[in-house]
Amino acid sequence: MLTKEEKAAIMKKYARGENDTGSPEVQIALLTADINKLNDHFKAHPKDNHSNRGLLMKIGRRRDLLRYLRRENLERYSALVESLGLRR
């Protein structure tokens, strides 16, 4: 789980406006940070199968949001993928 400070920093970096917490960019960035933390968790705990379902759900949600953003605004999508370092 991300701490409040980590979430706030991610929201501040990827927000489109001052009070933006729900734009696709912010949601994708938060999901990516969660996914990265879970991947680190699985390196230490490879037999944790219950958390694997949560990881797969987060990956699916991020994939859907990326698909939506690509369909709606290709420039914002490209900038976000480049910024997060995703393989797309």
Side-chain angles (χ1 to χ4, degrees):
M1 292 276 301
L2 295 173
T3 63
K4 279 186 175 184
E5 293 79 22
E6 291 171 333
K7 281 185 180 183
I10 291 170
M11 285 183 204
K12 186 175 182 179
K13 181 176 180 182
Y14 291 100
R16 297 181 59 208
E18 186 175 323
N19 292 324
D20 178 22
T21 59
S23 68
E25 291 93 338
V26 172
Q27 292 181 44
I28 292 168
L30 287 173
L31 284 170
T32 300
D34 267 345
I35 289 167
N36 291 339
K37 276 205 166 196
L38 277 172
N39 280 331
D40 293 340
H41 169 77
F42 286 126
K43 289 177 185 170
H45 307 281
K47 293 185 179 183
D48 186 3
N49 293 322
H50 291 287
S51 296
N52 193 34
R53 180 172 185 267
L55 173 67
L56 294 176
M57 289 172 55
K58 287 178 187 291
I59 290 172
R61 195 174 316 137
R62 182 179 69 176
R63 185 185 328 113
D64 291 343
L65 285 168
L66 282 167
R67 192 177 299 138
Y68 166 79
L69 188 59
R70 182 177 57 204
R71 185 178 65 236
E72 294 298 319
N73 193 329
L74 191 59
E75 290 112 16
R76 285 174 32 203
Y77 167 81
S78 300
L80 182 66
V81 168
E82 180 71 27
S83 173
L84 291 173
L86 300 176
R87 297 180 299 166
R88 290 222 162 212

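Side-chain atoms are counted along with the backbone in the values below, which use heavy atoms only and exclude waters and symmetry mates. The model shown is predicted, which means the values in this text are computed figures rather than measured ones.
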Asks: With salt bridge (Lys or Arg N to Asp or Glu O under 4.0 Å) as the rule and sequence neighbours excluded, what pairs involving residues 17-34 come up?
Replies: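 Every salt bridge (Lys or Arg N to Asp or Glu O under 4.0 Å) pair that includes a residue of residues 17-34, provided the two are not neighbours, is Glu25-Arg76, Asp34-Lys58.
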Asks: Tell me, with the steps shown, if Leu30 and Met11 meet side-chain contact (heavy atoms from CB on, under 4.5 Å).
Replies: CA-CA 8 Å; Leu30 287 173; Met11 285 183 204; 4.0 Å; yes
Asks: Apply side-chain contact (heavy atoms from CB on, under 4.5 Å) to residues Ile35 and Leu38 and explain how you reach the verdict.
Replies: CA-CA 5 Å; Ile35 289 167; Leu38 277 172; 5.7 Å; no
Asks: Can you list the residues that meet the salt bridge (Lys or Arg N to Asp or Glu O under 4.0 Å) rule with Asp64, with sequence neighbours excluded?
Replies: Arg67
Asks: Please check this pair: side chain of Asn73 against backbone of Leu69, looking for a donor-acceptor N/O pair closer than 3.5 Å.
Replies: no
Asks: Is there a path of hydrophobic side-chain contacts, each under 4.5 Å between heavy atoms, that joins Leu2 and Leu65?
Replies: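 Same cluster: Leu2 reaches Leu65 through Ile, Leu, Val, Met, Phe, Trp or Tyr contacts under 4.5 Å.
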Asks: Tell me whether Lys12 at atom NZ has more than 12 heavy atoms from other residues, nucleotides or ligands lying less than 6.0 Å away.
Replies: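 Incorrect, the count does not exceed 12.
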Asks: Restricting to side chain to side chain contact (heavy atoms under 4.5 Å, CB included), what partner residues turn up for Ala8, sequence neighbours left out?
Replies: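 Ala8 satisfies side chain to side chain contact (heavy atoms under 4.5 Å, CB included) with no residue once adjacent residues are dropped.
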Asks: Are more than 12 heavy atoms from other residues, nucleotides or ligands located less than 6.0 Å from atom CD of Glu82?
Replies: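 Incorrect, the count does not exceed 12.
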Asks: What pair of heavy atoms forms the shortest contact from Ala29 to Ile10, and how long is it?
Replies: CB-CG2, 3.6 Å
Asks: Can you list every pair that meets ring-ring contact (aromatic ring centres under 6.0 Å, His included) and has a residue in residues 10-42, with sequence neighbours left out?
Replies: His41-His45
Asks: Which pairs with one or both residues in residues 44-54 pass salt bridge (Lys or Arg N to Asp or Glu O under 4.0 Å), sequence neighbours excluded?
Replies: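 Non-adjacent pairs meeting salt bridge (Lys or Arg N to Asp or Glu O under 4.0 Å): zero.
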Asks: Provide the closest heavy-atom pair for Gly22 versus Gln27 in the form atom of the first, atom of the second, distance.
Replies: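 Gly22 and Gln27 have their closest heavy atoms at O-NE2, 2.5 Å.
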Asks: Check the pair Asn39, Leu55 against side-chain contact (heavy atoms from CB on, under 4.5 Å), reporting the backbone distance first and the verdict last.
Replies: CA-CA 8 Å; Asn39 280 331; Leu55 173 67; 3.9 Å; yes
Asks: Return the set of residues passing salt bridge (Lys or Arg N to Asp or Glu O under 4.0 Å) with Lys13 (not counting sequence neighbours), or none when no residue passes.
Replies: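 For Lys13, no residue satisfies salt bridge (Lys or Arg N to Asp or Glu O under 4.0 Å) once neighbours in sequence are set aside.
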Asks: With clusters defined by side-chain heavy atoms of hydrophobic residues (ILVMFWY) lying less than 4.5 Å apart, directly or transitively, does Leu31 cluster with Ile59?
Replies: no
Asks: Flag yes if Leu74 and Leu66 sit in one hydrophobic cluster, no otherwise; membership is Ile, Leu, Val, Met, Phe, Trp, Tyr, and two members link when side-chain heavy atoms are under 4.5 Å apart.
Replies: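 Shared cluster, yes.
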Asks: Any side-chain heavy atom of Leu86 sitting closer than 4.5 Å to one from Leu80?
Replies: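 Sidechains of Leu80 and Leu86: no contact.
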